[in-house]
Amino acid sequence: MSSLIKTIDAAGLKAALHDGKEIALLDAREEVPFDARHLLLAACVPLSRLEMLVDACVPRRSTRVVWCDDGESLASHAAARMAALGYTDVAVLKGGIAAWEAAGFRIYSGVHVPSKAFAEVVEHQCGTPWITAEQLQQLIDAKADIALFDSRSYEEFHGNSIPTAISVPGAELVYRFAELVPSTETMVVVNCGGRTRSIIGAQSLINAGVQNKVVSLKNGTQAWHLAGFQVLKGSTARPPVVSTDAHAAARAAADGVAARFGIVRLDAATFALWQAQSTTRTLYAFDVRTPEEYMAGHIPGMKNVPGGQLVQETDRHAVVWGARVVLVDNDGVRALMTAHWMKQMGWDAVAMTVDMRAQGQQNGAWTPRVPGLDAQAIPTIDAASLREGMRAGGVSVVDLDWSRDYRDGHILGAWYGIRSRLSEILPQLPSSDTVVFTSGDGVLAKLATAELMGKASPVVLALAGGTAAWREAGFPFEQGATRMATSPDDIRLRAREQTANVEGAMQAYLSWEIDLADQMAADDDQRFRIQAE
């Protein structure tokens, strides 16, 4: 380990998590081992993708950072790499997760635990009402006056949904409610895949003071599946454009939430001041509108995380505990509703509404900054030349992207591997071959190439434009888990994605999620401040 990297023991880390100062606790492992056991406030930032994630996750270079693992020696490598990128206060948890556990501190399984545990505590403390899948089916069969809203992302809804449901992602519920539910007599049911976004979505409407009866669907589409009811694939049901009257109603409801929960509306001058102070206090600014709206025009450089997804996966986007969080919209509703949850989760969260017609001068998707990538010339090969080289022989292709994407379709003849295990991958390839790395857009491939450049063997190149360039050229693909040079433990499969015993996996997941409320009652690290009636 570099002499610049400090260590901190379990007791010291426990104290640091409670001293009121900013801290980022990062776990250097892949998602599958992270899912098995980790610290509550840790964020999964795999060593294999560190440069692609760290600038957005930890934007301030002087942030106090602690890395951990479970004895794999990944944390020390991650800390050294982060220090090389200019971070000045980086430490490693001495003894890792085992030492934390040995000190008598709690270990968790699962992913996005702070967000999922938060929803369970909200349901418990607020008494969020719910109905079962069987009760919902009875209402549908009786043609009752109900509206069923799926609060997940549209992509998840499109993949599997309940008949009659409409896709209304979490932060959109209050914003679009008056347009979708003109009658106060309509019963509103909010569902997601499991529990979190069902609970938060239903309670959002209740907190906003809608007059309708609102319930969450207990255990979501998984309960629907377990009950043996039809699950749709490919539904495209989405809400209409919000009218002027509906927007006014939503704005009034959000104003009430802001007053009740003490949500600050940030003005442009204060935001500019906070930006100027971001070298001493971490600042996150998220555009919480829909991806389509964001793509059409947004504040240059600002990251898009739709409000419902941010509350669902806070640990993926805001990993510095104690940071300022600014939620941005153009309507005065979605940012406030998101902020009122983030504040209760323990964040210093505020809302800001801007005129995107004037300030939304950037189009397209958000692109993360990858520090260090542009500092050196990285040798590449274009798709056509790679194809000719593969035909002639003497070239091995290694795909470093997500294992799920590899299984769905990869360059014909390519190997799969995880970047942090290059020493495990290379011995499996013919020693005489030139190695070409690829990834979805080519960024991860360039990072791997840069890591091995200048070493005696092998010759390494990155596929220019990545696998997307190969696809665009119309060159051949294949599917399946072929030539797996490393285990595919980068992504934890959801219960529905399991290849066997799907129902058992669903039941286990739901039991795990429900148990989180009791675990939070005995954990002093959680920072929830639930405001219930």
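Along the sequence shown, residues are numbered consecutively beginning with 1. The structure displayed is predicted, hence computed values, not measured ones.
- Using modelled atom types and a 3.5 Å distance limit, the side chains of Gln275 and Ser278 yield no donor-acceptor pair.
- Heavy atoms of other residues, nucleotides or ligands lying less than 6.0 angstrom from CH2 of Trp130 number 12 at most.
- Residues Asp150 and Ser161 have side chains that never bring a donor and an acceptor to within less than 3.5 angstrom of each other.
- A donor atom on one side chain and an acceptor atom on the other are found under 3.5 Å apart for His410 and Thr482.
- A donor and an acceptor atom, one from each side chain of Thr290 and Glu172, are nowhere located under 3.5 Å apart.
- In this structure, Gln125 contributes its side chain and Val122 its backbone to no donor-acceptor pair below 3.5 Å.
- Nearest heavy atom pair, residue Ala56 against residue Trp366, reads CB-CH2, 3.7 Å.
- His340 places a side-chain N or O within donor-acceptor distance of the main-chain N or O of Met337, the cut-off being under 3.5 Å.
- In this structure, Pro306 and Val288 have side chains that are not in contact, with every pair of non-hydrogen atoms separated by 4.5 Å or more.
- The backbone N or O of Lys94 lies less than 3.5 Å from no partner atom in the side chain of Thr7, so there is not a single donor-acceptor pair.
- Scanning both residues, Trp347 and Ala323, for their nearest heavy atoms gives CE3-O, 4.0 Å.
- Shown here for Val189 and Leu136, the closest heavy-atom pair between the two residues is CG2-CD1, 4.3 Å.
- Using modelled atom types, one finds no donor on one side chain facing an acceptor on the other under 3.5 Å when comparing Gln312 with Ser115.
- Atom OG1 of Thr314 is separated from atom CG of Leu310 by 5.0 Å, given to the nearest 0.5 angstrom.
- Asp525 pairs in a side-chain contact (heavy atoms from CB on, under 4.5 Å) with only one of the listed residues (Leu25, Leu41, Leu39), which is Leu41.
- Side-chain contact check for Gln309 and His317: no donor-acceptor pair (N or O, by modelled atom type) lies under 3.5 Å.
- Atom-to-atom distance recorded for Leu217:CG and Ser198:OG is 6.0 Å, nearest 0.5 angstrom.
- Side-chain contact of Asn304 with Arg289: a donor-acceptor pair under 3.5 Å is absent, judged by distance alone.
- Pairs engaging residues 496-519 under the ring pair (Phe, Tyr, Trp, His ring centres under 6.0 Å) rule: Tyr509-Trp512 [sequence neighbours left out].
- Using bins of under 30°, 30° to 60° and over 60° for the plane-to-plane angle, the ring pair Tyr154/Phe157 lands in the tilted bin.
- Side-chain atoms of Val350 and Trp274, non-hydrogen and from C-beta on, do get closer than 4.5 Å to each other.
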Check against side chain to side chain contact (heavy atoms under 4.5 Å, CB included), Glu120 and Ile199
CA-CA 8 Å; Glu120 296 302 322; Ile199 295 166; 4.0 Å; yes
- Item | Working for side chain to side chain contact (heavy atoms under 4.5 Å, CB included), residues Val121 and Leu516 | CA-CA 8 Å; Val121 177; Leu516 288 173; over 6 Å; no
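- Rounded to the nearest 0.5 angstrom, Ser73 OG and His77 NE2 are separated by 6.0 Å.
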>> I'd like to know whether Asp287 forms a side chain to side chain contact (heavy atoms under 4.5 Å, CB included) with Ile299, so could you lay out the CA-CA distance, the side-chain angles of the two residues, the decisive distance to 0.1 Å, and finally the verdict.
In response: CA-CA 8 Å; Asp287 186 324; Ile299 296 172; over 6 Å; no
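- Pairs of residues two or more places apart, or lying in two chains, that qualify as ring pair (Phe, Tyr, Trp, His ring centres under 6.0 Å) and include a residue from residues 29-52 are Phe34-His38.
- Residues Asp89 and Ser62 have side chains that never bring a donor and an acceptor to within less than 3.5 angstrom of each other.
- At a cut-off of 3.5 Å, with distance as the only test, a side-chain donor of Gln277 or Arg324 sits close to an acceptor on the other residue.
- Counted within 6.0 Å of NZ on Lys14, heavy atoms from surrounding residues, nucleotides or ligands total more than 12; the atom is thus considered enclosed.
- Using modelled atom types, one side-chain atom of Ser151 and one backbone atom of Arg197 make a donor-acceptor pair closer than 3.5 Å.
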CA sep, side-chain torsions, deciding dist, call: Arg265, Thr353, side chain to side chain contact (heavy atoms under 4.5 Å, CB included) = CA-CA 8 Å; Arg265 289 181 172 88; Thr353 297; over 6 Å; no
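- No side-chain N or O of Glu424 forms a donor-acceptor pair with one of Thr486 less than 3.5 Å apart.
- Of the possible polar contacts, one joining the Gln498 side chain to the Leu493 backbone as a donor-acceptor pair under 3.5 Å is found.
- Asp523 and Tyr108 form a side-chain donor-acceptor contact under 3.5 Å, judged by distance and modelled atom types alone.
- Counting all heavy atoms, side chain and backbone alike, Trp415 lies closest to Gln428 at CH2-O, 3.7 Å.
- The two residues Ala495 and Val502 come nearest to each other via the heavy atoms O-CG1, 3.6 Å.
- Within the 3.5 Å criterion, the main-chain N or O of Thr132 finds a donor-acceptor partner in the side chain of Gln135.
- Ring orientation note: the planes of Phe118 and Trp341 are nearly perpendicular, at an angle over 60° on the 30°/60° scale.
- Under a 3.5 Å cut-off, the side chain of Asp329 and the backbone N or O of Ala335 do form a donor-acceptor pair.
- A donor-acceptor contact under 3.5 angstrom links the side chains of Ser487 and Arg421, judged on distance only.
- In this structure, the side chain of Glu72 engages the main chain of Asp70 through a donor-acceptor pair within 3.5 Å.
- A donor-acceptor pair is defined here as one N or O able to donate and one able to accept, closer than 3.5 Å; no such pair exists between the side chain of Tyr87 and the backbone of Arg64.
- Pairing each heavy atom of Ala36 with each of Ser109, the nearest pair is O-CB, 3.5 Å.
- A 4.5 Å side-chain heavy-atom check between Val398 and Ile425 finds at least one atom pair inside the cut-off.
- In terms of modelled atom types and a separation under 3.5 Å, the side chain of Arg281 and the main chain of Gly322 share a donor-acceptor contact.
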